[in-house]
Amino acid sequence: MVLKLYARKFVSGGTAIVALVLAEKQIPFELIEIDLPTNQNKTPEHLVRHPFGQIPCIDDDGFVLYESRAICRYLCDKYPDQGTQGLYPTGLKERALVEQGASVELTDFIPYVLQVFRELYLKPSHGQQTDQAVVDQALAELYKKLDVYEVILGKTKYLAGDEFTLADLFHLLAAPRLADLGVDIWSERGPNVQRWWKDISTRPAWLKLRAEGVTETTTTN
Amino acid sequence: MVLKLYAGTIASGGSGIVALVLAEKQIPFELVLTDLATGEHKTPEFLAMHPFGQIPVIDDDGFVLYEGRAICRYLAEKYSDQGTPLYPKGLKERALVEQAISVESANFWPPVIQIAREVIGKPMRGLDKDQSIIDAGIVDLTAKLDVYEVILGKTKYLAGDEFTLADLIHLMAAHRLADGGVDIMSTYPGPNVHRFPTCVSSWWNDISTRPAWVKLRAEGIKGII
């Protein structure tokens with residue numbers, strides 16, 4: 001049975017990175033839209049699949065999995081030989097370097113991006129006021145971390161070596177949300193970071209996804 | 001050459017979970033004491049290993065790796081055949097471990113670290129705690145633990161009926177909450193007042209009393225060769 005993706009069409013957050021891996025690896029899937037404004041993520045049916053009541057979630061012929069970064073790893077492990085190669089290498093050291101980069105995304109990148117997103121989008125959408133000091137502090141911290149990315153990306157083309165991997169791909173979960181809000185975190189960073197960001201955010205599969213939204217494919221394209 | 005671990009002696013944070021994996025899997029290592037107080041993690045030599053200037057870092061016979069969660073996966077994979085099994089190889093079994101590891105960083109870590117910064121971090125720096133931040137953190141963490149209660153009502157551990165890296169990684173910081181007077185993990189009452197001890201508190205007490213962890217907390221990180 002074809003893989004089911006419980007998500008929405010809008011390419012953002014965890015849905016974005018799972019949809020990108022599905023596209024890069026040419027994995028057919030069916031999209032089952034979960035409408036957040038009407039709380040379809042909180043129905044008893046969805047909570048059985050995802051006890052935290054979030055999206056995305058997959059049902060791969062009865063195997064249910066949530067947490068987008070776990071889903072991405074699973075899909076790469078399941079389909080190593082098709083589509084884009086090397087996203088999640090199997091060699092011990094190669095994989096460890098991908099995990100190192102993925103952990104950097106988790107601890108040195110996304111916390112600051114999410115703080116900014118929360119102040120500039122989530123709080124106003126719930127009638128609360130943006131705290132500009134929090135935004136400024138978060139951006140200052142983020143830019144210090146990106147100064148370190150500049151050093152790393154001066155030695156290798158991508159975060160875990162000279163190939164594009166999940167460590168780079170995971171950055172597409174949160175960063176585009178800031179661009180959507182008109183916050184530019186890239187154009188005043190160092191040349192290596194700008195080169196890397198431009199490379200990963202203009203991958204054909206990503207551009208197509210952002211233009212068309214999550215579109216199910218029941219045959220490989 | 002024996003593996004080198006650059007860390008302090010306190011079993012907490014990323015250093016704590018790496019030290020625990022080393023102990024659970026009986027992996028010999030040399031502790032290279034890295035004193036944060038004197039800035040040893042910011043020297044050019046250290047930054048060449050870890051460009052963000054943090055501990056822990058390992059040097060495994062020339063292979064340098066940082067980020068506690070990455071080091072744990074690497075060690076669990078490299079030494080899968082010795083000591084406690086922590087990181088299953090089966091496709092689905094591993095995916096469930098990764099799911100729970102991701103849950104820890106997305107849902108558990110943020111409120112835990114929010115509370116820990118107030119009850120441990122601030123007193124250490126002579127600053128006053130902000131009770132409203134603590135209270136908000138407790139509300140958030142309790143809501144997440146209500147979901148853990150559902151999960152742990154079905155399986156003994158977070159990814160199934162065996163202890164894995166997913167459970168182990170929860171020992172990064174949550175144990176410090178009790179040190180700071182907020183023992184939410186072992187006293188979590190759960191939404192159903194008739195079920196006590198809760199699955200969460202039972203699970204927490206189980207993982208917190210693993211002999212290797214108890215020894216680490218009592219004696220600190222020590223190299224074993």
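Predicted, not measured: the structure shown is a model, and the values here were computed from it. Here is how names work: the chains are called A, B, and so on, in the same order as the sequence lines, proteins then strands, and each is numbered from 1.
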Separation of [Y] [atom2] from [X] [atom1] (nearest 0.5 Å):
X: B:Arg94; Y: A:Tyr74; atom1: CZ; atom2: OH; answer: 14.0 Å
X: B:Leu91; Y: A:Lys78; atom1: CG; atom2: NZ; answer: 7.0 Å
X: B:Lys78; Y: A:Lys93; atom1: NZ; atom2: NZ; answer: 7.0 Å
X: A:Glu99; Y: B:Cys72; atom1: CD; atom2: SG; answer: 11.0 Å

Atom group of [X] that falls short of 4.5 Å from chain A, counting heavy atoms:
X: B:Ile151; answer: side chain
X: B:Tyr66; answer: both
X: B:Asp146; answer: neither

Using non-hydrogen atoms and a 4.5 Å limit, figure out which bit of [X] sits close to chain B: side chain, backbone, both or neither.
X: A:Phe63; value: side chain
X: A:Lys144; value: neither
X: A:Val48; value: neither

So does [X] have more than 12 non-hydrogen atoms from other groups sitting under 6.0 Å from [atom1]?
X: A:Glu45; atom1: CD; result: no
X: B:Glu162; atom1: CD; result: no
X: A:Asp162; atom1: CG; result: yes
X: B:Gln114; atom1: CD; result: yes
X: A:Gln132; atom1: CD; result: yes
X: B:Ile10; atom1: CD1; result: no
X: A:Arg189; atom1: CZ; result: yes
X: B:Phe52; atom1: CZ; result: yes

For this session: Please determine, among A:Ile71, A:Leu97, A:Val151, the option with the most heavy-atom pairs under 4.5 Å with chain B.
Result: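 Looking at each option in turn, the highest pair count goes to A:Leu97.
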Exercise. In terms of heavy-atom pairs under 4.5 Å with chain B, which of A:Asp60, A:Val98, A:Thr107 leads?
Worked result: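 The answer is A:Thr107.
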For this session: Could you tell me which of B:Arg69, B:Arg73, B:Glu77 has the largest number of non-hydrogen atom pairs under 4.5 Å with chain A?
Result: B:Arg73
Looking at every non-hydrogen atom in both residues, tell me the closest pair between [X] and [Y] and how far apart they are.
X: B:Glu67; Y: A:Ser103; value: OE1-OG, 2.7 Å
X: A:Ala70; Y: B:Ala95; value: CB-O, 4.2 Å
X: A:Leu106; Y: B:Ser105; value: CD1-OG, 3.6 Å

For this session: Please confirm whether the backbone N or O of A:Tyr66 pairs with a side-chain atom of B:Gln99, one donor and one acceptor, at under 3.5 Å?
Result: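 Side chain of B:Gln99 to backbone of A:Tyr66, a donor-acceptor pair under 3.5 Å: yes, one is there.
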For this session: I would like to know whether A:Asp77 and B:Glu98 meet side chain to side chain contact (heavy atoms under 4.5 Å, CB included); could you show each step before the answer?
Result: CA-CA 12 Å; A:Asp77 270 346; B:Glu98 287 295 343; over 6 Å; no
Exercise. Any side-chain heavy-atom pair from A:Arg73 and B:Ile101 closer than 4.5 angstrom?
Worked result: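 Not in contact.
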Exercise. Taking it one step at a time, do A:Asp108 and B:Gln54 satisfy side chain to side chain contact (heavy atoms under 4.5 Å, CB included)?
Worked result: CA-CA 11 Å; A:Asp108 298 313; B:Gln54 296 160 339; 3.8 Å; yes
